[in-house]
Amino acid sequence: MYDVTVIGAGVVGALIARRLAAYDLRICIVDKENDVARGATAANSAIVHAGFDAKEGSMKARMNVRGSRMMEQVCAELGVSYKRNGSLVVAFEHERAEVEAIYRRGVQNGVEGLRIVEKEELFEMEPNLNPELSCALYAPTGAIVCPYGLTIAAVGNAMDNGAELVLNFEVVSIEKTAEGYTLTAADGRAVETRYLINSAGVYSDEIAKMLGDESFSVHPRRGEYMLLDKECGQTTTCTIFHTPTKMGKGVLVSPTVHGNLIVGPTATDMEDKTDTATTTEGFADIRAKAGDNVAGIPYGKVITSFCGLRSVGSTGDFIIKAENNAVLLGGIESPGLSSSPAIAEYVEELLRGMGLVLTPKADYNPNRAPMDAFRHMSVAEKNEMIQKDSRYGRIICRCEEVTEGEMVAAIHANPPAYDVDAVKRRTRGGMGRCQGGFCSPEVIRILAREWGVSYDAITKNGGGSYINKGRTKVAGGNKEGN
Amino acid sequence: MQNYVDKTAPYTALVVIGGGPAGMAAAVAAYDNGVRDMVILERDLNAGGILRQCIHNGFGLHRFGEELTGPEYADRYHKMVVERGIAVKTGATVLDVTPSEEEGVAAYVTAISEAEGMFTLRAGAVVLAMGCRERSKGALNIAGTRPAGIYSAGTAQRFVNMEGYMPGRKVVILGSGDIGLIMARRMTLEGAEVKAVCELMPYSGGLARNITQCLDDFGIPLMLSHTVTQIHGKERLTGVTVSKVDERRRPIPGSEIYFECDTLLLSVGLIPENELTRGAHIGMDGITGGATVDQYRQTSLKGVFACGNVLHVHDLVDYVSEEAALAGSSAAAHLRGELTEGRAITLKTDGKVRYTVPQAVTVTGNTADVTVYFRPSDIYRDVTVTVREGGADGAILSKKKRIKVAPGEMETITIKAADLTATTADTLLVSIEESAKKGGNA
């Protein structure tokens, strides 16, 4: 029997679990995937919004402004890349009134440091903008973060403090019991818990239905992105938004904490909660809209493109409900990442309100070593590591210069990495220019060795995503693979 | 990266970065020209480079006058390296090359290995021989999902030939580069069904002999002017949509064909691996993706030479060896102080010649004939290749007739030493001139 079970290891679920891990509680995190951070958390703008977008008085506004203030410290504790690069909402002259309206709303929401910058200063700050722009709202508190890095670190830190992670656990039914709830997975496994957190992203309405709450629904909104080579990471310093129109917030152009340039997203309402396919129309749309903001983006330098599904709730605002020893979270779309530390804090209060006793844990450690610690060591420190474990001297990913020692450490650290994408997201191995062309055969070999499974049992990202399909022809007949 | 550099590190006369066919041939030539204090740094656990996974034959016809497999070809050079007692450090990845201002030191080369940790060498001369990598899927921006089952052809080659595993059973190949063609045959021999090879361009980028031996002989269709426009499948690839493209390479709506497959292999180009070269601020050629060099294969950084696929992508390893031997003997000459400064002549190209290597010629008192390697931008028939002084109206220094030239096959033209010494021009134009009877873009 767990005290609290969190359904969904996205950034919101991860930060809730991590927050609760500070207390003397038995905590379980379940996720239907083979790794944490596989839904919208893995595919979004990676922006910590300053908080001027959301309507005054809304839950989104409240959580965003608070979350944005908390994020830097959370990232520092968890050893996660975070950079306060500032954001600009750029406008043509005819959009000036809208920019001023956003400024007023931001001030109302309590966003600090907002001001309007005029053309000359704007182009001093960002020389690569579309020359026809005339002014912008500058928000110095806007920031960028690695959302999956934050989530991996938060789950890892929760686990370091005693929380348990159960992967490939797709909740198919929830039964109310005398003491709480029993969750049953598609494969028949069960988890018993006193309190329940529903942070299941686009599936949160389905989980809510299992709990008997049909008051809201969630639909997916497709957001497509293109990621450009690090050569292009200096195109802008700030995150560049365009003045929102009736058609939405539009396409942003931003550096990432890893030094790449991200351009996107599109916004297409969908029905299929699993359809993360990118589209030709989407790419064209991104290019057309990004051109309003930044001139001459070199699309020849795109290294990958991807698509995420935002969870759009039926109320237009974040849905955060506490009932029957459960907290239901729905519609945590943008600014969900920015709000996540504040949502975790709020959920803690809701649980306390429902009678959960929160006794601080004596040996709680809020800190986690950065996943890229080896990279930043001095030569002497590196050589000391290599002396102790020679695998730190063997480069596996040549593009990002990731060693076997780092990969093995990441595979066994909390939360463990079972597939190639999981290793990639923890170490950056395979994320460089060759996109895993050289190192994936080696990464598979390391994973197979570390987990004691066959080479062709290793997947790209769990489920049926097998990378190889059996042996080549061998003497004595061939074995068909997966 | 400057913080890596240990400027008090031990001196090594010649550091060869890369132990593939280029690096080994350069080292052997340097040895044969008198260099003894040298080391090859190879990031893999064995020397031989990508040849180790190229188990098909067809290597060595020019160099050894016989048909060898890739591993056999690599082994010939490895034996020469071993016979000469040339040091090879394997499992040693070079992280940084920093130019030196110290007299007699071309650069500081910093590497990491299991055996030695991080270490720096003060190199009297450096040969860059890091090879190339395959262009990845990301750069193509194909719409659709991101399932398992999409690999570059070289990665698939490694799975099959080195690891002994099959990346899939029903295969579509995008791009008709040589590795893609070789893998079409290889996958077929291993029992996979190769449904088609799609090529965006109206011609193949691969060697004619590979189209015959790897596709035609196995009845695998080559679909020219076709590309993959949609990826299907959630966990593992289930199919691809292929579209015909117009003359501007845009997909033609309505031309879509769906192929059910579990594997998509990409053979869409090779990119010289020049991260170290750029890090050393060495002058680069935007077309080749390699350093700009003179006829000695010396880069803009004196004492640093480049050869093989890191300089420009070659069709045949035999030519890699030839170029590497030139770079290795030039490095030896540099160490003897014999590569003197001279008059620089820049080689320019017209639109029909895509690039040349070398990009410049250094003329000194003892200049020899210079062979210029180049690729055409398209297929041209019945043409004359010329080298003219200055521009298009300049006097012809060298010319040769060709019935057909194609981007997939590297061409050469030689400029005589006497002409180089005599000319006062500071640029030469290498061009493909069409005869009166116009050849088409077949």
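Labels below follow one simple rule: chain letters A, B, ... track the order of the sequence lines, proteins then strands, and each chain is numbered from 1.
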Heavy-atom proximity to chain B below 4.5 Å, by part of A:Ile444 = side chain
Against chain A, work out which of B:Arg236, B:Gln230, B:Lys234, B:Glu275 has the most heavy-atom pairs shorter than 4.5 Å and name it.
-> B:Arg236
Could you check which of B:Glu134, B:Arg146, B:Arg43 has the highest count of heavy-atom pairs closer than 4.5 Å to chain A?
-> B:Arg43
Go through the side-chain N and O atoms of A:Ser305 and B:Asn141 and say whether any donor and acceptor fall under 3.5 Å apart.
-> yes
Atom group of A:Ile467 that falls short of 4.5 Å from chain B, counting heavy atoms = both
Pick one of side chain, backbone, both or neither for A:Thr279, based on which atoms fall under 4.5 Å of a heavy atom in chain B.
-> backbone
Please work out which of the three classes, parallel, tilted or perpendicular, describes the rings of B:Phe159 and A:Tyr455, given edges at 30° and 60°.
-> perpendicular
Looking only at B:Gly144, B:Ala156, B:Gly91, the option with the highest number of non-hydrogen pairs under 4.5 Å against chain A is B:Gly144
One option among B:Gly164, B:Ala192, B:Ala148 has the most heavy-atom pairs under 4.5 Å with chain A, and it is B:Gly164
Looking at A:Ile386, A:Asp229, A:Asn461, A:Thr278, which one has more heavy-atom pairs under 4.5 Å with chain B than the rest?
-> A:Thr278
Below 4.5 Å from any heavy atom of chain B, which atoms of A:Phe283 appear? Answer side chain, backbone, both or neither.
-> side chain
Is there a donor in the side chain of B:Thr69 and an acceptor in the side chain of B:His56, or the other way round, less than 3.5 Å apart?
-> no
Using a strict 4.0 Å threshold on nitrogen-to-oxygen distance, state whether B:Glu273 and A:Arg398 make a salt bridge.
-> yes
Exercise: do B:Ser113 and B:Glu116 side chains pair donor with acceptor under 3.5 Å | no
The interface call for A:Tyr299 against chain B, heavy-atom contacts under 4.5 Å, is neither
Side chain, backbone, both or neither: which part of A:Thr274 has a heavy atom under 4.5 Å from chain B?
-> both
Ignoring hydrogens and angles, tell me if any N or O in the side chain of B:Thr188 forms a donor-acceptor pair with the backbone of B:Ala184 under 3.5 Å.
-> yes
At a heavy-atom separation under 4.5 Å, does A:Met226 approach chain B through its side chain, its backbone, both, or neither?
-> side chain
Given A:Glu231 and B:Arg278, is the salt bridge (charged side-chain N to carboxylate O under 4.0 Å, His left out) satisfied, shown in steps?
-> CA-CA 12 Å; A:Glu231 275 176 51; B:Arg278 283 196 202 89; 5.4 Å; no
Rounded to the nearest 0.5 Å, how far does CZ of A:Arg310 lie from CZ of A:Arg221?
-> 6.5 Å
Contact origin within B:Ile50 toward chain A - heavy atom pairs under 4.5 Å | side chain
Interface residue of largest heavy-atom contact number with chain A, from B:Ile271, B:Thr229, B:Asp262, under 4.5 Å = B:Asp262
Chain A heavy atoms under 4.5 Å from B:Leu189: which part of the residue, side chain, backbone, both or neither?
-> backbone
Taking B:Ala115, B:Ser152, B:Ser136 one by one, which has the highest count of heavy-atom pairs under 4.5 Å against chain A?
-> B:Ser136
Side chain, backbone, both or neither of B:Arg158 within contact of chain A (heavy atoms, under 4.5 Å) = side chain
Identify which part of B:Pro147 has an atom lying under 4.5 Å from any heavy atom of chain A, answering side chain, backbone, both or neither.
-> backbone
